[in-house]
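A short write-up of the structure that comes next.
Note that the structure is a prediction, hence the values are computed from the model and not measured. FYI, the numbering just counts along the sequence from 1.
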Amino acid sequence: MNSIAERIKEVRSEITEVATTQQRPPESVQLIAVSKTKPAADIVAAYTAGQRHFGENYVQEAIAKIVQVSEALPNNDICWHFIGPIQSNKTRDIATHFAWVHSVDRVKTATRLAKQRPDDMAPLNVLIQVNIDDEQSKAGVQPHQVMELAALIHELPQLTLRGLMTIPAAHAQAADSAPSFAAMQRLFSELQAQYKQIDTLSMGMSNDWPIAVAHGATMVRIGTAIFGSRKAL
Ligand SMILES: *Cc1c(COP(=O)(O)O)cnc(C)c1O
């Protein structure tokens, strides 16, 4: 099996290829390496290969690894992204350890994150998670609720609303996600028309990211293709 460094290099060159096909600069697509369930040593290996943005889903696990990684790599410049479901009793840990949160989907979470963001840290970058395929099992607001939540987040100085995130319904054929990504691209344009700082559309995972990039994704969240498959938790 290839090393983490080799797989990162491969994913990066594929991103360059897909972006170029779309007549977009390769650096307009940011790679978030999703390291959930993987040990700190894997994060260190990816960092050594030049990766700087990492995504984590579980607060307790993430904080333990953030500590381990900072011991192995003092003064590292990793940018940590929280991409998992948010429980109210975990907002303080998220607000104090992360630079980005992709999964904000309710007013209560946003106000807690704002209140708990330390004064000496830059505003927390926030994405609104959209349940684009209206799945019972998934977090996220419905498309028609985006503008209302955006307006509220916009009023909180400790948060900077940067855009939208989604996880579309699973399909046997990744191409079948295209209509969902297209719908997100339209919502994103509407949000951009309203707020000038909106620049981030987080969508696409190991199996479907090229289709997401074809529909304007600016961040892709890739785990398996970099770190290998995960054991079920
Ligand atoms: C696990 C996860 C990913 C990465 O998924 P892969 O299929 O392993 O690339 C991306 N986004 C979210 C929100 C996740 O939970």
Side-chain angles (χ1 to χ4, degrees), residues 4-5 7-8 11-12 27 29-105 109-110 112-129 139 153 156 158-167 197 199-206 209 217-227 230 233:
I4 288 170
R7 280 179 288 193
I8 284 183
V11 169
R12 286 194 174 283
E27 57 291 354
V29 182
Q30 192 153 55
L31 172 60
I32 314 299
V34 177
S35 44
K36 65 179 178 216
T37 81
K38 299 296 176 180
D42 285 7
I43 297 170
V44 173
Y47 184 89
T48 309
Q51 181 63 32
R52 291 296 179 268
H53 291 263
F54 291 88
E56 288 281 345
N57 290 57
Y58 312 105
V59 176
Q60 247 44 49
E61 180 205 340
I63 290 174
K65 290 193 300 192
I66 290 171
V67 170
Q68 289 167 348
V69 169
S70 66
E71 282 163 6
L73 302 165
N75 305 317
N76 70 68
D77 56 347
I78 290 178
C79 184
W80 295 100
H81 297 247
F82 189 79
I83 63 174
I86 304 175
Q87 294 165 279
S88 286
N89 62 348
K90 297 286 163 57
T91 51
R92 184 178 301 279
D93 281 336
I94 295 171
T96 50
H97 289 88
F98 288 85
W100 286 76
V101 182
H102 293 223
S103 41
V104 173
D105 67 355
T109 305
R112 286 178 69 95
L113 288 170
K115 215 163 91 192
Q116 295 166 341
R117 181 68 167 174
D119 288 339
D120 60 348
M121 292 178 84
L124 186 60
N125 295 296
V126 163
L127 304 178
I128 295 174
Q129 181 170 353
I153 294 171
L156 300 169
Q158 301 88 349
L159 307 184
T160 302
L161 181 65
R162 298 290 293 269
L164 302 175
M165 179 272 227
T166 200
I167 310 168
Q197 82 283 6
D199 58 4
T200 304
L201 182 54
S202 168
M203 57 187 197
M205 320 206 306
S206 291
W209 69 262
T218 70
M219 278 184 186
V220 293
R221 308 177 310 267
I222 299 184
T224 309
I226 293 174
F227 297 109
R230 290 176 294 272
L233 280 184

Worksheet item: Do you see a donor-acceptor pair shorter than 3.5 Å between the side chains of Gln30 and Thr218?
Response: no
Practice prompt. To the nearest 0.5 angstrom, please state how far the CG atom of Leu73 sits from the CD1 atom of Ile43.
Written response: 9.5 Å
Discussion item. Taking the side chain as everything from C-beta on, heavy atoms only, tell me whether Val69 gets closer than 4.5 Å to Tyr47.
Written reply: no
Item to complete: Only one of Gln51, Lys65, Glu61, Glu56 passes side chain to side chain donor-acceptor pair (under 3.5 Å) with Ser35; say which it is.
Response: Glu56
Worksheet, complete the sentence: Between Ala139 and Asp105, the two heavy atoms sitting closest are CB-OD2, 3.5 Å
Worksheet item: Just wondering, are more than 12 heavy atoms of other shown residues or ligands nearer than 6.0 Å to CZ in Arg12?
Response: yes
Worksheet item: Under the side-chain contact (heavy atoms from CB on, under 4.5 Å) criterion, do Met205 and Thr224 qualify, and how do the steps go?
Response: CA-CA 9 Å; Met205 320 206 306; Thr224 309; over 6 Å; no
Fill in: Shortest non-hydrogen contact from Ile32 toward Phe54
CG2-C, 3.8 Å
Discussion item. Would you compute the distance between atom CD of Gln116 and atom CG of Asp93 and round it to the nearest 0.5 angstrom?
Written reply: 9.0 Å
Fill in: Nearest-0.5 Å distance that lies between atom CE in Met121 and atom NE2 in His97
8.5 Å
Discussion item. For the backbone of Met203 and the side chain of Thr166, can you confirm whether one donor and one acceptor N or O come within less than 3.5 Å of each other?
Written reply: no
Worksheet entry | Worked check of side-chain contact (heavy atoms from CB on, under 4.5 Å) between Ile167 and Arg221 | CA-CA 10 Å; Ile167 310 168; Arg221 308 177 310 267; 3.6 Å; yes
Worksheet entry | Shortest non-hydrogen contact from Ala110 toward Leu156 | O-CD1, 3.8 Å
Worksheet item: Hey, what do you get for CG (Asn57) to NE2 (His102), rounding to the nearest 0.5 Å?
Response: 10.5 Å
Fill in: Minimum heavy-atom distance between Ile66 and Trp80, given as atom pair plus value
CG1-CE2, 3.5 Å
Worksheet item: Side chains of Lys38 and Arg230: closer than 4.5 Å at any heavy-atom pair?
Response: yes
Discussion item. Determine whether a donor-acceptor pair (N or O, by modelled atom type, separation under 3.5 Å) exists between the side chain of Arg117 and the backbone of Leu159.
Written reply: no
Worksheet, complete the sentence: Closest non-hydrogen contact found for Met165 with Ile83 is CE-O, 3.8 Å
Worksheet item: If you round to the nearest 0.5 Å, how far is CD1 of Ile226 from CD1 of Ile8?
Response: 5.0 Å
Worksheet item: Are any side-chain N or O atoms of Ser206 and backbone N or O atoms of Ala225, one a donor and one an acceptor, separated by less than 3.5 Å?
Response: yes
Practice prompt. Taking the side chain as every heavy atom from C-beta outward, state whether Val101 and Thr109 have any atom pair closer than 4.5 Å.
Written response: no
Worksheet item: Got Ser103 and Gln129 here, is their nearest side-chain heavy-atom distance under 4.5 Å?
Response: yes
Practice prompt. Just do the side-chain contact (heavy atoms from CB on, under 4.5 Å) check on Leu124 and Gln158 with the steps written out, would you?
Written response: CA-CA 6 Å; Leu124 186 60; Gln158 301 88 349; over 6 Å; no
Discussion item. Looking at every heavy atom in both His53 and Leu31, which two are closest together, and how far apart are they?
Written reply: CB-O, 3.6 Å
Worksheet item: What orientation do Trp100 and His81 show, parallel under 30°, tilted 30 to 60°, or perpendicular over 60°?
Response: parallel
Discussion item. Just to verify, which of Leu164, Leu127, Leu161 counts as forming a side chain to side chain contact (heavy atoms under 4.5 Å, CB included) with Thr200?
Written reply: Leu127
Worksheet item: In Å and rounded to the nearest 0.5 Å, what is the CZ to NZ distance from Phe227 to Lys36?
Response: 11.5 Å
Discussion item. Which label fits Phe82 and Phe98: parallel for a plane angle under 30°, tilted from 30 to 60°, or perpendicular past 60°?
Written reply: perpendicular
